[in-house]
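Structure record follows, encoded as structure tokens.
Order of the sequence lines fixes the chain letters, A, B, ..., with proteins taken first and strands second; residue numbering starts at 1 for each chain. Since the structure is predicted, the reported quantities are computational estimates derived from the model, not experimental observations.
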Protein chains: 2
Amino acid sequence: MDGNALPVRRRLDPEERREQILNAAVAWFAEVGFAGTTRDLARRAGVTQALLYKYFASKADLTEAVFERVYLGRLDPQWLYDIRDRGKPIQGRLTRFYRQYTGAIFTYEWMRIFMWAGLAGDALNRRYLGHVADRLLAPLAEEIGAAHGGQQPAMEDMWNLHGGIVYIGIRRFIYHLPTPDDPAAAIEAAIARFLGGLPGAA
Amino acid sequence: MDGNALPVRRRLDPEERREQILNAAVAWFAEVGFAGTTRDLARRAGVTQALLYKYFASKADLTEAVFERVYLGRLDPQWLYDIRDRGKPIQGRLTRFYRQYTGAIFTYEWMRIFMWAGLAGDALNRRYLGHVADRLLAPLAEEIGAAHGGQQPAMEDMWNLHGGIVYIGIRRFIYHLPTPDDPAAAIEAAIARFLGGLPGAA
DNA sequence: CCCTTAGGTGATCAAACGATCAACAAGCGC
DNA sequence: GCGCTTGTTGATCGTTTGATCACCTAAGGG
């Protein structure tokens, strides 16, 4: 049957093995949360439970590595430059940003690990959202204000726009409810409504 | 010091004791999730761990009781009648509904238990949100359509409105981020924007 | 081909877990 | 005040958990 299958490499490069375990940990903790057992994780990763502790000092150490993997490099600094490019209309900039943003965070692993961590009270979570507020939502509000003649939305309004869009991912990945395969149209409509409904909008 | 304190009643009415345990369980599981231990719960409730099993057959039985307590009677059937009261302007009906709805679900216990249950994949969760969609959001969309001359928002638009509002509670109770003490103003603004931004709105 | 290195495993430990049970004692009827 | 009912407890069971250890063996150099 599997006579032509590649021989199972029993001894892997440490880096490769660590990567394999870490990937399995991300998928596993995303599914069941950080209360998941190391034995089930090891089974899922295809290694023995003891081996986990050759690559990670403790379960806490492993979960920290999962956090790093999931959070690091998720936000692209380029987005801020595109947001501030006043040569383009504000609606297009908003749409472009949220297409990129949701493209980065609308994954099973990210949405769920972010929510597990939020419920657990992780500080990284708040720091991340503080970053979103200061470096993304606040500039967006500024740009909207500039485009609408000085009438700048309050941060609470920006959170409302943000939440309405992010909620698509929550419905899909947390609640497992049906959502559009491609959320682009819904996001575009939400942004158009937001801008069109601002006080003083044409 | 506590000479005038009421004597600690060591033997309670079964109903009273069950209530005491259940209340503690709701608060405890809301805080740490359903992976929380029965020992810590018992300590928090001020009873011994063994006593829990005199009132609940198992931990699963206890968590089910917590679900019932949290879900049951949360949605008021009266809301639907108010929503359909075409004698009043649509914006007022939307505002009134979301003031009542958020008044019912914006609590630490509800928001967090709902999210824990959602991540755990509980079916009650999906059933609840299905109810919200069919019995509340769909009628709201109908009423908005009637008020705007037939142009009825799609369900995805209603979810967007809903998500933007619910996200206030997520920020406050899940992520522990600062939010307005009274979300009424933000909600009112969100509804006004939603209606004002609909295609074909004045 | 052998031998050293190091990636990997099975067995096992101590602690924590859900759950059970015999025994205790608070409170009511008489 | 006495005895019975039953709410409550401390001790304990079997299992599961994170973590550790001695041991095994695949793989590359000589």
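In this structure, the separation between CZ on A:Phe194 and OH on A:Tyr98 is 8.5 Å, given to the nearest 0.5 Å.
Near DNA chain D, defined here as any heavy-atom distance below 4.0 Å, the residues from residues 28-42 of chain A are A:Gly36, A:Thr37, A:Thr38, A:Arg39, listed numerically. Near DNA chain D, meaning a heavy atom under 4.0 Å from it, residues 45-58 of chain B has B:Thr48, B:Ala50, B:Leu51, B:Lys54, B:Tyr55 in order of number.
A side-chain N or O of B:Thr38 and one of B:Gln49 form a donor-acceptor pair less than 3.5 Å apart.
Going from atom NZ of B:Lys59 over to atom P of D:dT15 covers 19 Å, rounded to whole Å. Look at CZ on A:Arg43: it is 12 Å from P on D:dG18, rounded to the nearest Å. Counting to the nearest Å, the C1' atom of D:dT6 and the CZ atom of B:Arg17 are 13 Å from each other. Regarding B:Asp13, its CG atom lies at a distance of 14 Å from the C1' atom of C:dA26, rounded to whole Å.
When every heavy atom of B:Arg69 is checked against every heavy atom of B:Arg74, the shortest pair comes out as O-NH2, 4.4 Å. For B:Ile174 against B:Met115, the heavy-atom pair with the smallest separation is CD1-CB, 3.7 Å. In this structure, A:Ala104 and A:Trp79 approach most closely via the heavy-atom pair CB-CH2, 3.8 Å.
Look at A:Arg112 and A:Glu31 and you find no salt bridge, because none of the NZ, NE, NH1 or NH2 atoms lies under 4.0 Å from a carboxylate O.
Side-chain atoms of B:Arg11 and base atoms of D:dT6 include a donor and an acceptor less than 3.5 Å apart.
Heavy-atom neighbours of A:Gln78 CD from other residues, nucleotides or ligands within 6.0 Å: above the threshold of 12.
Here A:Trp110 and A:Tyr128 bring their ring centres to under 6.0 angstrom of each other.
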